[in-house]
Amino acid sequence: MLRADALKSADYIGKSVTIRGWVYRLRKQKENTFLIVRDDRGGVIQSVLPTSIVPANLTIESSVQITGVLNRDKRAPEGGYEIRGNNIKIFNIADSDYPIGEFQSVDLLLDNRHLALRARKMVAIAKIRASVLKLARNWFIMNDWMEITAPIIVKGAVEGGATLFKINYFGNDYAYLSQSAQLYLEAMVFSLGRVWSMTPSFRAESSRTVRHLSEFTHLEAEAPWVELEDVLKVQEELISEIIKNIIVERQAEFALLKRDISTLDKIKPPFERISYEKAIDYLRSIDFTVLDKDGRNRKIELGDDLNIDSERELTKEALQPKFIVGYPLKVKPFYIKEDPQNVGYGLAVDMLAPDGFGEITSGGMREDNNQVLTTRMQKEGLDINNYQWYLDLRRYGSVPHGGFGLGIERLIRWIIRIDDIKDAVLFPRTMSRVSP
Ligand code: 4AD
Ligand code: MG
């Protein structure tokens, strides 16, 4: 059975066709009933049925199958095709109190996310999301990277203790939900070479922002015998390839979302690289201020981390994503390798999306000296016992290696220009929401 978009073709005019789906719009008149069907990929087509064969209690979101003759009618919405129906089969008459109408509060839509996802805009986003996942996987397959899966239940923090979700582990033990698969990816470069993974990562983010989720889809990659520049190249090639293909593959969805893709069309490697120090110089030149520990505003200075506001300043006029290279070690986690040419600074890189969408990836080279690692872990207050296996990786045949992590929802948020990251995931998890 064809879906709506496939049916809308000159080939089927005058022929008998059948469509299956849900009642999207319903307008009953004395003689005829106009019924728009939404199929199981969000496509819609109008049908006209004799009111006499339409059940009197038919409601929006009832599931139906309609058979009739395809007709071209300029007045028909969504492409000018219409099914002159002569048969309607009902699977289920929906309750008449469907909670989702045209103008609903954000909270009501989130409470009813399981239903709200049927909206055509949400279907379009879900399709773009599916394509991002597929294109990312394709890129790694084409470039000979091995996919691995890492455990979600772990004993060690990767990205600091503040955002860990602690879970009870069989009564007398504890564990955490993974913040990042990185340490496991590092373990696998010794046996599989270039590896990547796409796993949920968890952050107990206590701040409500439009770019943080407590559960997100984390694409991470790690490779042996690379230098920092290689880590940048992988990222810009991966992201450019995803975008190049998605604007073709999902043209209709971008159009439905009214997203102009002409800026995405220009995304091509190489992306601009600027040093962290240059970034701070620039921010100082425009008198950019940050809130210091005492709650006072002061001019940004070397050593400060970048935040969403400084990231926005740095990418305001950018047409492409931008790499910021060489952050101070103290704003990066324990595993980042110190730059031998620049003491106190790390071989670390973030990619910032244009137009204030901010950080979408973080990565870098990994520290391989166990003494340095141990000292840094202690500084972060980590329990070394949980990292003995990680330190083993440096004891037995360590090699220079590096990688990065990309937040899939951050990427989707930027390419579709979604205000709130919650709309880049189907069932968002945040501080105030774990259901549906
Ligand atoms: O910058 P992060 O914390 O880096 C890591 O986890 C590294 N261990 C990755 C690695 O090198 N293998 O997270 C990586 C990316 C961020 O740049 C961001 O895109 C996304 O993950 N991310 C989040 N996305 C949504 N909600 C959150 N709370 C996120 N935290 C990080
Ligand atoms: Mg980061």
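Sequential numbering from 1 along the given sequence is applied to the chain's residues. Counting starts at 1 for both ligands and their atoms, following the listed order.
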Can you find a non-hydrogen atom of [X] under 4.0 Å from ligand 1?
{"X": "Glu359", "value": "yes"}
{"X": "Glu222", "value": "no"}
{"X": "Arg366", "value": "yes"}

Exercise for review: Tell me how many protein N, O or S atoms are closer than 2.8 Å to the Mg ion (ligand 2).
Suggested key: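 For the Mg ion (ligand 2), protein nitrogen, oxygen or sulfur atoms under 2.8 Å: 2.
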Exercise for review: Under the side chain to side chain donor-acceptor pair (under 3.5 Å) rule, collect the residues that match up with Asp265, sequence neighbours excluded.
Suggested key: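 For Asp265 there are no side chain to side chain donor-acceptor pair (under 3.5 Å) partners, ignoring immediate neighbours.
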Point to revise | Test item: Ile267 and Ile415 side chains (from C-beta on) under 4.5 Å apart, heavy atoms | key: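 Side chain of Ile267 against side chain of Ile415, heavy atoms only: no contact under 4.5 Å found.
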Please check if atom [atom1] in [X] has more than 12 non-hydrogen atoms from other residues, nucleotides or ligands closer than 6.0 Å.
{"X": "Lys121", "atom1": "NZ", "answer": "no"}
{"X": "Lys299", "atom1": "NZ", "answer": "yes"}
{"X": "Gln371", "atom1": "CD", "answer": "no"}
{"X": "Glu227", "atom1": "CD", "answer": "no"}
{"X": "Lys278", "atom1": "NZ", "answer": "no"}
{"X": "Lys244", "atom1": "NZ", "answer": "no"}
{"X": "Arg20", "atom1": "CZ", "answer": "no"}

Please could you name the atoms of ligand 1 that [X] approaches to less than 4.0 Å, counting only its heavy atoms?
{"X": "Phe404", "value": "10 (C), 11 (O), 12 (N)"}
{"X": "Arg211", "value": "25 (C), 26 (N)"}
{"X": "Thr361", "value": "17 (O)"}
{"X": "Glu205", "value": "28 (N)"}

Close N or O approach ([X], ligand 1; < 3.5 Å):
{"X": "Gln182", "answer": "yes"}
{"X": "Ile360", "answer": "yes"}
{"X": "Leu213", "answer": "yes"}
{"X": "Ile421", "answer": "no"}

Where is the nearest protein heavy atom to [atom]: which residue, which atom, and how far?
{"atom": "atom 18 (C) of ligand 1", "value": "Arg410 NH1, 3.5 Å"}
{"atom": "atom 12 (N) of ligand 1", "value": "Glu220 OE2, 2.8 Å"}
{"atom": "atom 5 (C) of ligand 1", "value": "Glu159 OE2, 3.1 Å"}

Review point. Taking the six-membered ring for Trp, are Tyr390 and Phe334 parallel (under 30°), tilted (30 to 60°) or perpendicular (over 60°)?
Key: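 Aromatic pair Tyr390/Phe334 classed perpendicular.
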Practice item. Could you label the plane-to-plane angle of the Phe140 and Trp145 rings as parallel, tilted or perpendicular, counting under 30° as parallel and over 60° as perpendicular? Key: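 Answer is perpendicular, since the angle exceeds 60°.
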Test: [X] and [Y] ion pair at under 4.0 Å:
{"X": "Glu186", "Y": "Arg394", "result": "yes"}
{"X": "Asp309", "Y": "Arg312", "result": "yes"}
{"X": "Asp420", "Y": "Lys422", "result": "yes"}

Practice item. Select the closest option to atom 3 (O) of ligand 1 among His218, Arg203, Gln179, Arg429, judged by heavy-atom distance. Key: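 The nearest heavy atom belongs to Arg203.
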**Study point:** From the candidates Phe216, Tyr184, Trp196, the one that places a heavy atom nearest atom 22 (N) of ligand 1
**Key:**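 It is Phe216 whose heavy atom sits nearest to atom 22 (N) of ligand 1.
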Check your understanding: At a non-hydrogen distance cut-off of under 4.0 Å, which region of Ser180 contacts ligand 1 (side chain, backbone, both, or neither)?
Key ->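 Only the side chain of Ser180 comes within reach of ligand 1.
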Practice item. Answer side chain, backbone, both or neither: which part of Phe202 comes under 4.0 Å from ligand 1, heavy atoms only. Key: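 The answer is neither; Phe202 stays 4.0 Å or more away.
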Check your understanding: Quick check, are the ring centers of Trp389 and Tyr184 under 6.0 angstrom apart?
Key ->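 Aromatic pair counts; centres sit under 6.0 Å.
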